[in-house]
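The block underneath contains the structure these notes are about, expressed in structure tokens.
Position 1 is the first residue of the sequence, and the numbers go up from there.
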Amino acid sequence: SSPAQHKMGRSSTLRPPSSGLTYREARELCNELMTRVQVSTRTYRWRRYDDVFSSGEAVNALLSFQQAQLTKLAENEAQAASQLQTLMDYGFIGRVSKKNDELT
């Protein structure tokens with residue numbers, strides 16, 4: 001199975017954050033994340049999606065932030081996934097596949 005791919009942009013539904021990051025912290029995290037992942041056009045199930053990145057690459061980027069000693073960042077994969085979920089909850093990113101709006 002291929003890694004989940006995520007689209008940049010705002011989603012129509014906002015839910016409470018799952019990682020405890022404030023909206024401002026999540027926005028700053030998203031801005032930094034977008035400088036560290038390869039955002040490109042990709043194909044999923046024969047459909048083209050612009051401005052997407054893989055969740056696996058995003059998790060690795062969040063973990064590298066911790067190594068660079070940036071604050072409020074993930075120390076392990078579970079925390080990184082939680083932070084990505086928070087970015088989805090706030091509407092900064094969204095899944096290409098609408099089947100499940102949570103990271104798995």
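- Rounded to the nearest 0.5 Å, atoms CG (Asn31) and CZ (Phe92) are 7.5 Å apart.
- The side-chain heavy atoms of Leu33 and Leu87, taken from C-beta on, include a pair separated by under 4.5 Å.
- The minimum heavy-atom distance between Ala61 and Ser64, with the atom names listed, is O-OG, 2.7 Å.
- Summarising the geometry of Ala58 relative to Val37, their closest heavy-atom pair is CA-CG1, 3.8 Å, with the distance given to 0.1 Å.
- Panel note: side chain Glu57, backbone Gln38; a donor-acceptor pair is recorded below 3.5 Å.
- We find the CG-CG distance between Asn76 and Leu62 to be 11.0 Å, quoted to the nearest 0.5 Å.
- For Glu28, the CD atom counts as densely surrounded, since its 6.0 Å shell holds more than 12 non-hydrogen atoms of other residues, nucleotides or ligands.
- Using a 4.5 Å heavy-atom threshold, the side chains of Ser55 and Arg95 count as separate.
- Expressed to the nearest 0.5 Å, how far OH of Tyr49 lies from OG1 of Thr41 amounts to 12.5 Å.
- In this structure, Thr22 OG1 and Leu29 CG are separated by 10.5 Å, a value rounded to the nearest 0.5 Å.
- Contact between Leu21 and Tyr90 at its shortest, heavy atoms only, is O-OH, 3.0 Å.
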